[in-house]
Amino acid sequence: MDAADLDYRARTQSGCIPPHLVSRLLELGHAETVEFWAGRGEWFCARKCARLLGEQGRRAEALEMLAPYLATGWWTATRTTAELWEMWGRADEAIVLTRARMKVGHPLALEFYARLFARHGRSDEAFTLLEPHIDDWFLAAAMVDVARGAGLDEKAAELLAAQIPGEHRCDSPWCCRGLDPDTAIRLLATIRERQGRVDEAIALLRTRGVTSFNGRDQLADLLARHDRTVELRAYAVTEELGHATQCLAELLEQRGDVEGAIAAYRQAYERAAYDPNSAVQLAQLLARHGRGNEAIEVMRHEADARNGDDWILHVLSDLYLDQSRPEDGLAHLDALSVARGGNENWDLFWIRLALAAACDRVDEALEWARAHPEGSTSYAAPHIAELLAGTGRTEEAVAVLRRHSPANSHDLAWYLIDLGRIEEAVAVLRQDKPRRPQPSTTTAWSEEPPF
């Protein structure tokens with residue numbers, strides 16, 4: 001086995017048995033197949049077997065299963081083994097193993113090693129390891145986390161404050177090298193909040209025009225946690241991404257004020273010139289509270305206003321299915337098709353297939369799909385196969401997918417496994433040979449000075 005090859009296969013899930021199919025094999029009683037391939041370079045099989053063996057108290061066998069992967073020096077195998085040691089209450093072994101990877105300079109080992117220290121009463125040592133790397137946002141975030149257990153919140157705050165220039169404002173994500181000011185402010189605000197200095201945390205975040213990250217708004221969430229609803233309402237009016245409105249609506253819903261949550265989304269929808277994201281969130285809220293028909297009307301209006309937006313039509317279609325109104329869903333799609341002059345690309349067309357199946361019109365839907373200009377493409381094949389398999393015609397689904405192998409190897413293997421054709425399924429998965437990965441150019445870390 002080769003670490004670079006293992007890493008590429010695991011990251012791309014190509015040329016291997018992916019995790020969801022490992023789970024499917026086990027679910028259908030093919031544990032012996034998973035164990036067989038675990039010993040032949042299939043990482044996801046080995047990882048699952050090791051975890052199961054550990055749960056059965058067969059720890060030596062679990063470690064033996066991972067040993068060939070660990071011997072390659074691959075970080076993922078190292079981390080998995082260390083996590084098992086820790087799970088078994090043997091943190092010292094996990095620390096020793098991870099330290100060895102640190103010494104050879106693996107860039108991900110430092111963060112894991114420091115957090116491992118912190119989880120086992122050595123937060124001050126973890127902080128010392130991370131402090132010299134504050135320029136790296138990933139390690140700075142870890143430093144903030146371990147500072148709490150080490151009683152070093154104020155020291156971490158001082159380090160972060162020194163990274164925030166007085167007047168500078170980044171105009172792009174690539175403006176500042178290392179720890180950018182926005183991230184430094186987010187982390188510093190996190191410290192101030194847990195110190196109970198909530199007003200300072202709010203003031204810090206308000207110095208930035210945008211405080212959203214990964215679909216959440218830190219300022220909005222902070223206001224919600226501290227029951228500052230008036231300020232949150234005011235912020236929701238000005239925050240342009242809609243994350244503050246979502247936070248407000250979630251808070252109101254949790255309190256049982258469903259009407260208030262609905263009103264918050266409606267106001268945001270109107271204020272933002274009929275923002276489709278607010279419409280979807282409103283529809284989902286209505287559906288959660290038994291008002292599915294109202295949710296459909298919201299999305300019908302949105303679909304009519306944005307003729308051709310496939311993601312809007314997907315939401316609408318799901319609502320029709322959930323409300324047991326598939327015929328109405330098909331009628332709506334037909335009307336939109338007429339308005340578009342009958343020209344539908346596959347991304348729009350395949351939405352109707354699930355609705356047709358729910359109306360017991362599978363054969364008719366298959367005729368539509370096969371007659372479509374893109375019906376014979378590799379990207380149409382999984383939708384047609386799903387339609388067939390849903391009515392027990394799995395052999396036909398396999399035939400459709402096989403024409404495009406290896407483009408749809410995961411889908412094809414799934415149905416082959418369901419048919420009990422395990423060797424064939426594995427062969428399909430392993431025939432997709434990934435390209436040779438390029439050498440890593442990532443800078444290495446060391447636990448020894450100079451850092």
For the residue pair [X] and [Y], establish whether any side-chain heavy-atom pair is separated by less than 4.5 Å.
X	Y	answer
His243	Arg216	no
Met143	Leu159	yes
Leu366	Arg370	yes
Gln431	Ser405	yes
Asn277	Leu241	no
Leu387	Val362	yes
Leu187	Ile191	no
Val398	Leu416	yes

Which pair of non-hydrogen atoms, one from [X] and one from [Y], has the smallest distance, and what is that distance?
X	Y	value
Ala425	Ala413	CB-O, 3.7 Å
Leu252	Ala261	CD1-N, 3.8 Å
Cys247	Ala220	SG-O, 3.4 Å
Gly149	Ser123	C-CB, 3.6 Å
Leu321	Ala358	CD2-CB, 3.7 Å
Asn408	Pro382	OD1-CG, 3.4 Å

task = Using the side chain to side chain donor-acceptor pair (under 3.5 Å) rule, pick out the option among Arg99, Glu125, Arg101 that qualifies with Tyr113.
result =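 Only one of Arg99, Glu125, Arg101 forms a side chain to side chain donor-acceptor pair (under 3.5 Å) with Tyr113, namely Arg99.
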inquiry  = With side chain to side chain donor-acceptor pair (under 3.5 Å) as the criterion, how do Asp180 and Trp137 come out once you've worked through the C-alpha distance, each side chain's angles and the decisive distance to 0.1 Å?
reply    = CA-CA 8 Å; Asp180 63 279; Trp137 73 267; over 6 Å; no
request  = Evaluate the ring planes of Phe349 and His372, with Trp represented by its six-membered ring, and classify them as parallel (under 30°), tilted (30 to 60°) or perpendicular (over 60°).
outcome  =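 If you compare the ring of Phe349 with that of His372, the planes turn out tilted.
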ask   = Taking atom CD of Glu35 as the centre, does the number of heavy atoms from other residues, nucleotides or ligands within less than 6.0 Å exceed 12?
value =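 No - once you tally the heavy atoms of other residues, nucleotides and ligands closer than 6.0 Å, there are 12 at most.
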ask   = Quick check: are there more than 12 heavy atoms from other residues, nucleotides or ligands sitting under 6.0 Å from CD of Glu386?
value =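 Check fails, neighbour count at 12 or below.
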Polar side-chain atom of [X] near backbone of [Y] as donor-acceptor pair, under 3.5 Å:
X	Y	value
Glu193	Val198	no
Asp2	Asp5	yes
Thr81	Ala77	yes
Asn345	Asp347	yes

So how far is it from [X] [atom1] to [Y] [atom2], rounded to the nearest 0.5 Å?
X	Y	atom1	atom2	value
Leu204	Thr211	CG	OG1	11.5 Å
Phe138	Leu130	CZ	CG	10.5 Å
Arg402	Ser409	CZ	OG	12.0 Å
Leu232	Arg228	CG	CZ	11.0 Å
Ile164	Thr207	CD1	OG1	7.5 Å
Leu219	Ile202	CG	CD1	6.5 Å

message = With side chain to side chain donor-acceptor pair (under 3.5 Å) as the criterion, how do Trp346 and His383 come out once you've worked through the C-alpha distance, each side chain's angles and the decisive distance to 0.1 Å?
response = CA-CA 10 Å; Trp346 187 260; His383 303 129; 2.7 Å; yes
Ignoring hydrogens and geometry beyond distance, is a side-chain donor-acceptor pair present between [X] and [Y] at under 3.5 Å?
X	Y	result
Asp217	Ser212	yes
Gln163	Thr183	no
His120	Glu86	yes
Tyr269	Glu302	yes
Gln13	His410	no
Gln246	Glu250	yes

Does a salt bridge link [X] with [Y], judged by any charged N lying under 4.0 Å from a carboxylate O?
X	Y	value
Glu42	Arg9	no
Arg225	Asp221	no
Arg197	Glu154	yes

Output side-chain donor-acceptor pairs under 3.5 Å for residues 43-65, partner residues at least two apart or in another chain, one line each.
from, atom 1, to, atom 2, distance (Å)
Gln56, OE1, Arg58, NH1, 2.8
Arg58, NE, Glu61, OE1, 3.4
Arg58, NE, Glu61, OE2, 3.0
Arg58, NH2, Glu61, OE1, 2.8

[Y] six-ring face occupied by [X] cation (under 6.0 Å, within 45°):
X	Y	result
Arg186	Phe213	yes
Arg40	Phe36	yes
Arg122	Phe117	yes

ask   = Checking side chain to side chain donor-acceptor pair (under 3.5 Å) for the pair Glu111/His133: CA distance, chi angles, key distance, verdict?
value = CA-CA 10 Å; Glu111 188 261 353; His133 303 290; over 6 Å; no
key: side-chain contact (heavy atoms from CB on, under 4.5 Å) between Leu70 and Leu97, intermediate numbers included   = CA-CA 10 Å; Leu70 188 62; Leu97 178 62; 4.2 Å; yes
task = Run the ring-centre check on Trp37 versus His30 and record whether the distance is less than 6.0 Å.
result =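 Ring-ring flag for Trp37/His30: false, centres at least 6.0 Å apart.
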request  = Would you check, one step at a time, whether the test side-chain contact (heavy atoms from CB on, under 4.5 Å) holds for Ile422 with Ile417?
outcome  = CA-CA 5 Å; Ile422 308 304; Ile417 290 169; 4.1 Å; yes
key: Identified side-chain contact (heavy atoms from CB on, under 4.5 Å) counterpart of Asp153 within the set Glu158, Arg192, Gln195   =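 Output: one option passes, namely Gln195.
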Sole residue of Pro406, Pro18, Ser14, Cys16 in side-chain contact (heavy atoms from CB on, under 4.5 Å) with Leu429 =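 So the option named by the test is Pro18.
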request  = Go through the steps for Asp136 and Leu179 under the test side-chain contact (heavy atoms from CB on, under 4.5 Å), then give the verdict.
outcome  = CA-CA 5 Å; Asp136 185 312; Leu179 183 66; over 6 Å; no
ask   = Hey, mind stepping through Arg11 and Leu6 against side-chain contact (heavy atoms from CB on, under 4.5 Å) and telling me if it holds?
value = CA-CA 9 Å; Arg11 285 188 292 107; Leu6 283 168; over 6 Å; no
